[in-house]
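As structure tokens, the structure follows; a few thoughts come after it.
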Amino acid sequence: MASIRRTLSPAYQDRSYQNGANSAFPVTTSTSHKLSPNGKYSSLPVLSINAFVVSLRRFFSSRKIWRKSLYRCLLFFVLGLVLGMTPFGHVTDIDSRDVFFEIKPAHVNVQLDSDNGDRISKRDEIVLDSVSLGVDLRNEEKIVESFRYDFAPRKQLIVITPTYNRAMQAYFLNRLAQVLRLVRPPVLWIVVEAKAASFETADMLRKTGVMYRHLVSQQNSSNVKDRGVHQRNAGLEHIERHRLDGIVYFADDDNIYSIELFESLREISRFGTWPVAMLAQSKNKAILEGPVCNGSHVIGWHTNDKSKRLRRFHVDMSGFAFNSTILWNPKKWRRPFSNPIRQLDTVKEGLQETTFIKQVVEDEYQMEGTPSGCSRILNWHLHLDSHNLAYPRGWLLQKNLDVVLPLK
């Protein structure tokens with residue numbers, strides 16, 4: 001039996017299937033007729049070879065462009081990373097210890113010229129604030145002055161000055177204050193007044209620029225010939241109570257002192273003494289009182305026959321100084337007694353010094369003469385009396401003179 005094949009109608013011949021319309025592979029189709037299992041014909045879209053090849057080319061072409069962009073990004077990333085890690089310029093290796101900026105200079109070879117012209121090479125280890133290598137210094141004294149410093153602490157000077165209201169008080173205190181200002185610190189000035197502290201003295205002390213302590217002695221000194229006895233004892237009691245460490249010196253405000261005297265006091269270890277020039281009571285001659293020394297050893301005294309019979313130690317009140325630890329540490333100096341060291345108000349005038357020194361030292365072997373040889377006068381005791389002068393209240397004149405002369 002012959003079969004009759006029917007062709008598709010023209011309306012169906014130009015019809016294309018939209019199976020891949022939205023896909024990445026646009027295709028063109030042609031129709032073919034196949035017999036279905038039930039005996040009917042069906043039409044299926046078939047990819048043409050040309051369309052398939054074109055699709056593959058487009059696919060691989062897009063992948064190639066994508067890979068090329070990726071390769072370029074990776075190349076620039078690696079190039080930037082390498083440039084960022086590459087140092088530009090000279091960089092030295094820094095040790096972890098250099099973070100603290102601690103400079104420890106190496107040994108420096110310094111050439112020194114001696115007087116005979118020979119060069120001596122010395123290897124000194126010097127710690128400086130800044131490092132300077134290859135230095136050629138010609139003077140050995142300049143090296144010592146430039147690179148060596150004396151950091152040894154200086155002894156404190158404790159100066160006790162009794163004072164009282166009188167016409168020349170302001171002049172005396174200001175003169176002594178100006179001298180103490182020139183002395184290298186530490187210096188402690190203990191000023192002791194009798195009965196009450198005056199406003200004028202306190203105001204003057206605040207303006208001196210010297211470290212001071214203003215004390216008052218409440219004991220009655222009317223029956224004592226040396227009015228400064230109780231005031232000096234008040235200063236000694238203050239040193240003993242507060243255990244002040246230094247060299248104690250009694251400096252009356254009416255004496256004259258040199259700066260060299262105060263500087264030499266720091267060389268005293270236990271008890272030091274020196275000669276004092278004194279203006280006689282008649283004020284027509286000067287006399288010398290104090291030790292005779294062989295170097296720093298006391299071997300005799302300047303004195304007269306009358307004083308020789310009465311006193312053991314022939315020295316003025318302003319002619320000696322001692323270590324303050326003797327007052328509050330007797331075990332250090334092996335003193336046989338531990339009674340407080342004070343000046344006595346029961347002795348006659350002129351014997352106050354020798355009775356006090358007996359409590360501090362036993363003999364001349366425990367004394368030190370200063371300066372060496374005791375051949376220089378470092379202070380004067382003038383005995384200037386101002387009792388008959390009118391004392392201006394508040395150190396000020398209350399009124400002017402009666403006559404006022406106008407300028408023409």
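- Side-chain contact between Glu193 and Leu215: absent, with no pair of heavy atoms (C-beta onward) separated by less than 4.5 Å.
- Arg166 has a carboxylate O that lies under 4.0 Å from a charged side-chain N of Asp253, or vice versa, which qualifies the two as a salt bridge.
- By the salt bridge (charged side-chain N to carboxylate O under 4.0 Å, His left out) test, Arg206 pairs with Asp203, sequence neighbours left out.
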In sequence, state the C-alpha distance, the side-chain angles, and the governing distance for Val159 and Ile190, and then conclude on side-chain contact (heavy atoms from CB on, under 4.5 Å).
CA-CA 6 Å; Val159 182; Ile190 300 179; over 6 Å; no

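- Every pair passing disulfide (SG to SG under 2.5 Å) that includes a residue from residues 333-380 is listed here, sequence neighbours excluded: Cys293-Cys374.
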For a side-chain contact (heavy atoms from CB on, under 4.5 Å) check, start with the C-alpha distance between Leu180 and Leu157, then their side-chain angles and the critical distance, and finish with the verdict.
CA-CA 10 Å; Leu180 295 179; Leu157 301 182; over 6 Å; no

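- You'll find the side chain of Val192 stays beyond 4.5 Å of the side chain of His230, heavy atoms only.
- For the pair Ser264 (side chain) and Pro371 (backbone), a donor-acceptor distance under 3.5 Å is absent.
- Here the OG-CG distance, from Ser318 to Leu261, works out to 8.5 Å after rounding to the nearest 0.5 Å.
- Enclosure of atom NE2 in His297 is not indicated, since only 12 or fewer non-hydrogen atoms of other residues, nucleotides or ligands lie within 6.0 angstrom.
- At a threshold of 4.5 Å between non-hydrogen side-chain atoms, the residues Val276 and Ile377 do not count as touching.
- Of the candidates Met278, Arg175, His381, Met317, His381 is the only one forming a side-chain contact (heavy atoms from CB on, under 4.5 Å) with Asn255.
- With hydrogens and angles ignored, the 3.5 Å screen pairs a side-chain donor or acceptor of Asn323 with a backbone N or O of Ser269.
- Ion pairing between a basic and an acidic side chain is recognised when a charged N comes within 4.0 Å of a carboxylate O; Arg184 and Glu263 show such pairing.
- Ionic pairing of Glu240 and Arg243 is not present here: no N-O contact between side-chain nitrogen and carboxylate oxygen is shorter than 4.0 angstrom.
- Residues Phe313 and Lys358 are in side-chain contact: their nearest non-hydrogen atoms beyond the backbone lie under 4.5 Å apart.
- Using a 4.0 Å cut-off between a side-chain N of Lys or Arg and a carboxylate O of Asp or Glu, Arg232 and Asp252 qualify as a salt bridge.
- Ile256 contributes atom CD1, which lies 9.0 Å from atom CZ of Phe172 (distance to the nearest 0.5 angstrom).
- The two residues Pro275 and Asn379 come nearest to each other via the heavy atoms O-OD1, 4.2 Å.
- Within the 4.5 Å cutoff, no side-chain heavy atoms of Trp189 are placed close to those of Arg213.
- Listed by first and then second residue, the disulfide (SG to SG under 2.5 Å) pairs involving residues 319-364 amount to none (not counting sequence neighbours).
- Here the closest non-hydrogen pair linking Gly319 and Thr273 is O-OG1, 3.0 Å.
- For the pair Met367 and Val298, the tightest heavy-atom approach, listed with the atom from each and the gap, is CB-CG2, 4.0 Å.
- Under the 4.5 Å side-chain criterion, counting only non-hydrogen atoms from C-beta, Glu237 is in contact with Arg342.
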Side chain to side chain donor-acceptor pair (under 3.5 Å) between Glu289 and Thr303: does it pass, once the steps are laid out?
CA-CA 6 Å; Glu289 186 177 19; Thr303 184; over 6 Å; no

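- Relative to the six-membered ring of Phe76, Arg72 misses at least one condition, a distance below 6.0 Å or an angle of at most 45° to the axis.
- A salt bridge links Arg376 with Glu260: the distance from a Lys NZ or Arg NE/NH1/NH2 to an Asp or Glu carboxylate oxygen falls below 4.0 Å.
- Scanning all heavy atoms of the two residues, the minimum distance from Ser258 to Leu378 falls at OG-O, 2.9 Å.
- At distances below 3.5 Å, not a single donor-acceptor pair connects side-chain atoms of Arg311 with backbone N or O atoms of Glu353.
- From Ser198, atom OG reaches atom CD of Gln169 across 5.5 Å, with rounding to the nearest 0.5 Å.
- Ring orientation note: the planes of Trp274 and Tyr249 are tilted relative to one another, at an angle of 30° to 60°.
- Of all non-hydrogen atoms in Val347 and Gln352, the two that sit nearest each other are CG2-NE2, 3.3 Å.
- In this structure, Leu188 and Val210 have side chains that are not in contact, with every pair of non-hydrogen atoms separated by 4.5 Å or more.
- Under the 4.5 Å side-chain criterion, counting only non-hydrogen atoms from C-beta, Phe77 is not in contact with Leu79.
- Using a distance-only test at 3.5 Å, with no hydrogens or angles considered, no donor-acceptor pair links the side chain of Lys155 to the main chain of Asp245.
- Within the 3.5 Å criterion, the main-chain N or O of Thr161 finds no donor-acceptor partner in the side chain of Gln231.
- Classification of the Phe250-Phe322 ring pair by plane angle, with boundaries at 30° and 60°, yields tilted.
- The CG atom of Asp363 sits 12.5 Å away from atom CD1 of Ile357, with the distance rounded to the nearest 0.5 Å.
- No donor-acceptor contact under 3.5 angstrom links the side chains of Gln366 and Trp333, judged on distance only.
- For the residue pair Asn233 and Gln343, the shortest heavy atom distance occurs at OD1-N, 2.8 Å.
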Assess the residue pair Phe356 and Ile341 against the criterion (side-chain contact (heavy atoms from CB on, under 4.5 Å)); give the C-alpha distance rounded to whole Å, side-chain angles, the decisive distance to 0.1 Å, and a yes or no.
CA-CA 8 Å; Phe356 180 80; Ile341 298 177; 3.5 Å; yes

Checking Ile158 against Gln156 for the side-chain contact (heavy atoms from CB on, under 4.5 Å) test, could you report, in this order, the C-alpha distance in whole Å, the side-chain angles of both residues, the deciding distance, and whether it holds?
CA-CA 6 Å; Ile158 307 174; Gln156 180 176 226; 4.3 Å; yes

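- Side chain of Arg181 to backbone of Gly209: no donor-acceptor contact under 3.5 angstrom is found.
- For Thr208 (side chain) and Leu205 (main-chain N/O), a donor-acceptor pair under 3.5 Å exists by modelled atom type.
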